Structures are given as structure tokens and as C-alpha cells.
Protein chains: 2
Amino acid sequence: MTRNDRPETLRRATIKDVARLAGVGVGTVSRVVNGMPEVSAASVEAVHNAIEFLGYRRNDSARILRTGATESIGLLVEDVADPFFSLLNRAVEDEVVRQGSVLLTASSSKSPDRARKLILTFCSRRVDGLIITLPEGSDEDYLIREHAAGIPMVFVDRPPQKVAADVVLTDNRGGAMQGVKHLIAHGHRRIACITDRAELFTARERVNGYRDALIDSGNPFDPSFVFSAALEQEQVDTMLGRMLADSDPPTAVFAGNNRAAVMVIGAMRRHGTLLAMVAFDDFELADIVEPGITVVAQDPQGMGVMAMDLLCARLQGSQAPPKTVTLGTRLIPRGSGELPVSGIHLPTVLR
Amino acid sequence: MTRNDRPETLRRATIKDVARLAGVGVGTVSRVVNGMPEVSAASVEAVHNAIEFLGYRRNDSARILRTGATESIGLLVEDVADPFFSLLNRAVEDEVVRQGSVLLTASSSKSPDRARKLILTFCSRRVDGLIITLPEGSDEDYLIREHAAGIPMVFVDRPPQKVAADVVLTDNRGGAMQGVKHLIAHGHRRIACITDRAELFTARERVNGYRDALIDSGNPFDPSFVFSAALEQEQVDTMLGRMLADSDPPTAVFAGNNRAAVMVIGAMRRHGTLLAMVAFDDFELADIVEPGITVVAQDPQGMGVMAMDLLCARLQGSQAPPKTVTLGTRLIPRGSGELPVSGIHLPTVLR
DNA sequence: ATGAAAGCGCTAACAA
DNA sequence: TTGTTAGCGCTTTCAT
């Protein structure tokens with residue numbers, strides 16, 4: 001027994017100790033600790049004194065075991081250090097804290113295996129609910145079981161394949177469309193699309209939106225202008241070079257996420273050109289470059305809040321059919337997306 | 001009773017249910033679940049089947065209550081969405097996950113009151129240990145009590161005033177010195193210092209380092225070149241303007257953190273000048289501007305790992321006197337810090 | 001190798 | 001208003 005190994009002085013006071021010292025029963029102590037009304041002033045006083053003296057603090061493990069409510073929420077994202085998810089994390093935290101619960105957080109690191117372990121740990125901890133960004137390629141059977149066992153879940157950023165639960169997404173397709181149409185509105189016809197691996201739900205959707213915008217506005221969709229692969233600087237450099245060598249080269253770029261945007265900036269510098277650009281997903285300091293980067297902003301905080309809202313509804317017993325909420329995007333013009341068709345060639349000194 | 005209100009179908013299976021179905025005692029089930037050796041193959045088989053059939057998952061609340069070990073760590077930072085702390089968070093998480101524990105995270109939002117509530121909640125949850133960035137102005141008495149009650153704590157980024165516990169810090173003073181000396185080495189004598197409120201431990205230390213570097217190298221320390229206040233763009237603009245109007249104006253700037261750096265960049269643009277600059281604290285995309293921002297990088301991951309190391313030592317019963325570990329910084333030259341004394345005036349088109 | 005039983009600290013029902 | 005007590009689900013002796 002872990003606790004009893006310790007010297008007596010390091011055993012934390014229990015409700016029993018308090019009761020004994022205060023000269024009341026444990027029930028009374030419990031009532032005082034939980035601020036229940038039907039206790040005499042004298043008892044309250046005595047209990048408070050004892051608590052103060054003993055440095056008593058309720059043991060929530062015992063409380064949880066007894067009541068069955070853990071007042072905790074589990075959050076699994078791809079990486080808590082990723083700006084997008086850290087913002088989501090914070091928004092969820094604020095909701096969780098507001099209702100007096102605690103938040104267990106973890107990062108999947110894109111590993112389905114790590115995700116499974118973490119989620120199952122959360123389930124063993126009997127979290128009241130789970131907010132999950134599932135890594136690509138996850139087996140979902142275990143989720144179905146836990147979900148069926150009564151743990152409410154809401155999925156964020158990407159939809160699950162099999163679990164029938166609430167989902168919160170960004171309107172990736174619509175947002176991409178919005179961004180590309182912005183470029184078209186500024187006169188661009190030949191627009192490159194640089195984005196992440198097509199295996200990723202979000203990347204796929206954004207390419208779809210890119211294509212839709214082009215077709216919608218009567219422009220040709222040229223697959224050779226789409227780079228959808230693991231983002232690496234060299235590849236992007238090469239790819240952009242190839243596109244620029246086209247007989248009808250791009251005058252603008254749609255970057256599918258901010259890593260892509262950064263690489264495109266690098267590639268443009270190396271090629272000594274400055275194409276118009278709109279990037280999906282806002283980022284801090286998008287305006288310290290000249291021109292500032294025009295972005296299609298997602299709303300990570302909004303996603304977090306919405307996820308918690310949906311979760312809370314389930315916690316209150318809602319049996320409504322699973323809902324998928326899609327949050328809109330916001331285009332923030334900062335300069336790069338409003339550049340004219342005639343490309344600007346940077347003076348050498350500033351490249 | 002919360003649990004028994006629920007329909008029978010939604011009550012999760014317990015160890016008893018498994019035992020009954022498998023035709024063994026609860027002790028045996030427990031042994032199987034925990035992978036203890038002394039169980040017959042037949043029992044293991046039967047138990048596994050029952051577990052599978054019932055969708056049994058151990059209830060950690062009960063386990064925790066019994067064993068007294070929560071296998072959880074509480075982390076309180078200023079804001080989980082802040083890049084510095086989110087990196088620290090992730091590093092801590094990885095250590096925590098590696099040893100099979102869970103991580104409770106929360107943001108103080110610079111509020112001593114919120115911090116107190118959160119920390120006391122963690123204490124009620126009986127976390128095994130606590131990693132804390134305490135907001136400026138916190139009362140620490142409650143921490144002393146909890147610490148004395150046996151909850152190990154390590155403080156990160158800023159030292160506590162009263163609690164005698166382990167601390168992990170960045171060498172703010174040394175780092176600032178390193179940055180300023182880098183500028184001096186590139187010929188600068190007149191160096192401005194733009195940083196946050198002097199109430200903040202880190203800002204204060206960095207100003208100290210700035211002063212030390214100047215004095216060490218025989219340069220005068222001119223208080224009128226130090227701006228240490230709440231960082232707002234307008235103020236920084238005005239302040240820089242005033243400094244530039246000096247009879248012996250600055251040729252370089254030491255920015256005390258990355259918010260300061262961004263504002264200095266803005267101010268320089270507005271004043272149509274480009275001074276050399278070194279900024280404290282690295283940031284993503286510090287190299288997408290031209291020139292890239294030379295920074296004195298901290299090591300948030302290293303701090304997280306170190307904090308967990310110290311915590312684990314305490315968890316294993318170390319009674320050594322409290323240690324303060326100071327992590328060194330790393331200067332990353334990217335261009336802005338290597339600019340010569342002769343200021344560059346940007347061509348208008350690029351301002 | 002295994003079952004029975006005590007008990008972790010708490011809450012809530014019940015009795016007084 | 002209050003004390004007593006059962007029991008939440010688990011681990012861990014102690015017999016067998």
C-alpha cells in the first residue's frame with residue numbers, strides 16, 4: 001500500500017481526521033466541504049477550523065469513484081505545440097474550466113497507435129467526454145466500442161470514417177474557393193496550387209475548392225499546376241521552377257496551408273519572382289513580410305467552443321442524431337493576394 | 001447515485017461482472033488485467049474472453065483510490081496557446097506519456113486567482129506532481145501548504161518568491177548579454193533596448209544582461225535608450241522616433257522578446273530605416289523576413305524535459321535541497337543581427 | 001494458482 | 001441537524 005508506507009506526517013488528512021478533530025461525523029464534514037445548507041453554524045465553524053489546521057483537501061479520486069462523475073474532459077489533437085491546435089486547445093480549456101472540470105490533453109503526433117493508447121487511457125480515466133482529432137489511417141473499432149459504452153465524443157478538424165458522432169470541421173472546400181476566387185477577382189487566371197499530401201482530408205478538400213473556383217469562373221483546371229505531396233522545400237522549389245517555365249506560367253499561387261506558404265515564399269525568392277499568393281490558414285506574423293500574406297483564416301477557437309458545446313449537449317443526455325458543424329472561413333487581405341497579374345521582380349539586394 | 005440512474009445497458013462492466021462471466025474470482029481478473037504472472041493459462045483465456053465480450057475497461061478512479069498513485073501530472077503555464085509554452089507543454093507531455101501517466105494542463109492567463117483555483121483543483125485530483133509557471137503577483141502561501149503536504153512542484157520560467165522547490169529558468173541575463181555582445185562585435189555602440197514591463201522577471205533580467213554587455217565592453221549605458229513598458233505599437237513607434245532623433249542615434253536594437261521584435265520591425269518601417277536587431281526568444285518564420293531576424297533562442301523543450309526530470313527525481317523520493325537549473329541560450333544569426341553600423345534606408349516601394 | 005475479504009476516502013441514504 | 005453506514009470498483013493480503 002503506497003500511502004501507508006509513508007511516514008505518518010506525510011499522510012494527507014482525510015475526512016475522518018477532520019471529523020474526529022472537529023468532533024462531528026464524516027457526513028457533516030462532507031456537507032460542509034460541499035457547501036450544503038443544512039448544517040449548523042457551530043459545525044461549520046468547527047469543521048473549517050479542523051480543515052485549516054490539518055491542511056485538509058478533498059480527495060477527488062474518492063469522490064469520483066463514489067459519484068461516478070469525473071468532471072474531466074479528454075482532448076486529443078495532432079500536436080499541442082501546433083499553433084492551430086494550441087489555439088483550439090485553449091478555447092476548449094476555457095470552456096472546461098468555466099464548468100469546473102479539468103482537461104486532459106495529449107498529442108497523437110499523427111500516430112494512430114499513439115492516439116489509440118492515449119484515448120483508451122482517457123477512457124480508463126472515465127473522462128466525461130472526448131474531443132478528438134483522429135490521425136489519418138486510424139482504426140476506429142475501438143472508438144465505436146467506447147462510444148457505445150457511453151463516452152460522448154466529438155471529432156474536430158477531420159471527420160471519422162465509421163464512428164457516428166458529432167463533428168466540427170472547417171469549410172476547407174469553401175475556404176479554398178474563397179481564396180482562389182479572390183485571386184481570380186484580381187485578374188489571375190493561371191494559379192498554382194501548392195499543398196500537402198492528398199491522403200490528408202483537409203488537403204484534399206482544399207484542392208477540391210481550388211478546382212471548383214477555377215471551373216466555376218470558367219478558367220481551365222490544369223493538373224500540372226497542382227502540387228499535392230509531402231511538403232519539402234526542395235520539391236517546392238523544383239515544382240515552382242517547372243511551373244514558371246510553362247508557356248503560360250502562373251501569376252499567382254494558392255498555398256494549401258502555412259507551411260506551404262512559407263516554402264512558396266522561399267521558392268519565389270530563389271526564383272527571383274513575386275507572384276500573388278493566398279494561403280489557407282492564418283498565422284501569426286503573416287504581416288511582418290512585405291507584402292503581408294493574404295490568408296483564408298480558419299477559426300480554431302470557434303471550433304473548440306463549438307466542440308465543447310456539442311459535447312455538453314451530449315453530457316446533458318441529448319440523443320439527437322449526430323451533427324456535423326462546418327465553420328466558415330474569413331479572407332484577410334494583407335497585400336500578397338492583391339498583387340496584380342504582372343509579376344514583380346525583386347531587386348537583388350533584397351532577395 | 002449517478003451511475004445507477006442509468007439504464008442497465010449503459011452501466012459499464014466492472015471487474016465483478018467479468019469475474020462472474022469468466023467463472024473466477026475478482027482477484028484473478030485483477031491479476032490478468034494487470035498482467036501478473038501467477039495465473040493459469042485457462043484463467044487468462046476465460047478472463048480475456050469475458051473482457052472482450054463485456055467491453056470491460058478498468059476504472060482507474062477505483063485503482064487510484066486503492067493504490068494512492070494517480071499517475072498524473074499537472075501543468076500550469078501562462079497560456080497553452082503561446083508558442084513558447086506550447087512547446088514546453090509538448091515536451092512535458094512526451095515525458096509524461098512515456099511513463100504512462102496523464103497530463104492535466106491549464107493556462108493561468110496571468111491571473112494569480114485563476115492560477116490558484118487551477119492548482120488547487122490539481123491538488124484535489126492528487127496529481128503526483130506539479131509543473132508551474134506562476135503569474136506575477138501570486139500569493140504563494142497556498143503553494144507552500146500543498147508542497148508541505150507532499151506534492152512535489154517544479155517552477156519553470158520564473159522563480160517563486162517563497163516556495164522552496166526546484167526551478168528551471170532560461171539564462172535571461174546571459175542570453176541578453178550574448179545578443180547585445182553580438183551586436184557590439186558587429187561594430188555597434190549605440191544600441192536601443194525595447195522590452196516588456198519591468199515588473200516581469202524575465203524582462204528585468206534581460207535588461208540587466210543588456211546593461212552588463214554594454215558596461216563589460218566599455219560602452220556607456222544610456223537609460224534613455226531603454227524602453228521597458230507594456231508593449232504597444234504606438235508607444236514603440238514614438239519611442240524609436242525619439243531615439244532616432246538623438247544626436248548620437250542607435251544603430252542597432254535589442255528586442256527583449258518577439259512581440260517587441262515585431263513592433264520594432266513595424267516602427268522601423270514606419271521610420272523608413274533598418275537598424276540591426278537581435279531579438280530574445282526564437283520564433284517560427286523568423287527567417288521569412290528579409291533580412292531574417294537574428295535571435296537569442298531559448299529552449300522551451302529543454303525546459304520541459306528538465307522540469308520533468310527534476311519532478312521525477314522528487315517522485316522517487318529525492319530529498320535533496322531545491323535546485324535551480326538555468327538553461328543556456330543559443331544565438332541564431334539570420335541577418336538582422338549582422339547588419340553593419342551604417343543603417344540601410346529601404347527603397348520606398350518596399351516599406 | 002486462486003477465492004474471499006478488507007479497505008482506499010468519499011457521498012448519500014437512512015435513522016435518530 | 002446530525003451520526004452511522006453501505007458501497008463506488010479496485011488492489012492486495014491472507015488463506016487455502
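This one's a predicted model, so the numbers in the text were calculated from it and none came from an experiment. Proteins get letters first, then strands, A, B, ... in listed order; numbering begins at 1 in each.
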Donor-acceptor side-chain pairing of A/Arg57 and B/Ser124 below 3.5 angstrom: yes

For a quick check of understanding: with a heavy-atom distance under 4.0 Å over all strands, which category does A/Ser61 fall into, base, sugar-phosphate or nothing? nothing

Could you state the atom-to-atom distance from CE of A/Met36 to P of C/dC10 in whole Å? 14 Å

Whole angstrom is fine here: how far is it from CZ in A/Arg125 over to C1' in D/dG9? 15 Å

Any side-chain N or O of A/Ser43 under 4.0 Å from OP1/OP2 of D/dT2? yes

Flag if over 12 foreign heavy atoms under 6.0 Å of CD, B/Glu38: yes

Would you say A/Arg66 reaches D/dG9's phosphate, i.e. side-chain N/O to OP1/OP2 under 4.0 Å? no

How far does CG of B/Leu130 sit from CD of B/Glu146, to the nearest 0.5 angstrom? 9.0 Å

Using whole Å, what does the distance between atom P of nucleotide D/dG9 and atom CZ of B/Arg57 come to? 16 Å

So does B/Arg126 pair up with A/Asp60, basic N to acidic O under 4.0 Å? no

Does the side chain of A/Asp157 pick up a donor-acceptor pair with the side chain of A/Thr133 at under 3.5 Å? no

When you measure from the side chain of B/Asn59, which nucleotide among D/dC8, D/dT2, D/dG9 comes out closest? D/dG9

Taking atom C1' of C/dG7 as reference, at what distance in whole Å does atom CG of B/Leu65 sit? 9 Å

Rounded to the nearest angstrom, tell me the gap between atom CD1 in A/Ile64 and atom P in C/dC10. 12 Å

Whole angstrom is fine here: how far is it from CD in A/Glu38 over to P in D/dT1? 7 Å

Closest non-hydrogen atoms of A/Tyr56 and A/Ala13, given as atom of the first, atom of the second and distance, are CD1-O, 3.3 Å

B/Arg125-A/Asn59 side chain donor-acceptor pair, cut-off 3.5 Å: no

Where along residues 13-35 of chain B does a heavy atom fall under 4.0 Å from DNA chain C? B/Gly23, B/Val24, B/Gly25, B/Val26, B/Thr28, B/Arg31

Integer-rounded Å distance: D/dC10 C1' and B/Arg12 CZ: 15 Å

A/Asp60 has an atom CG; how far is it from atom P of D/dG9, in whole Å? 18 Å

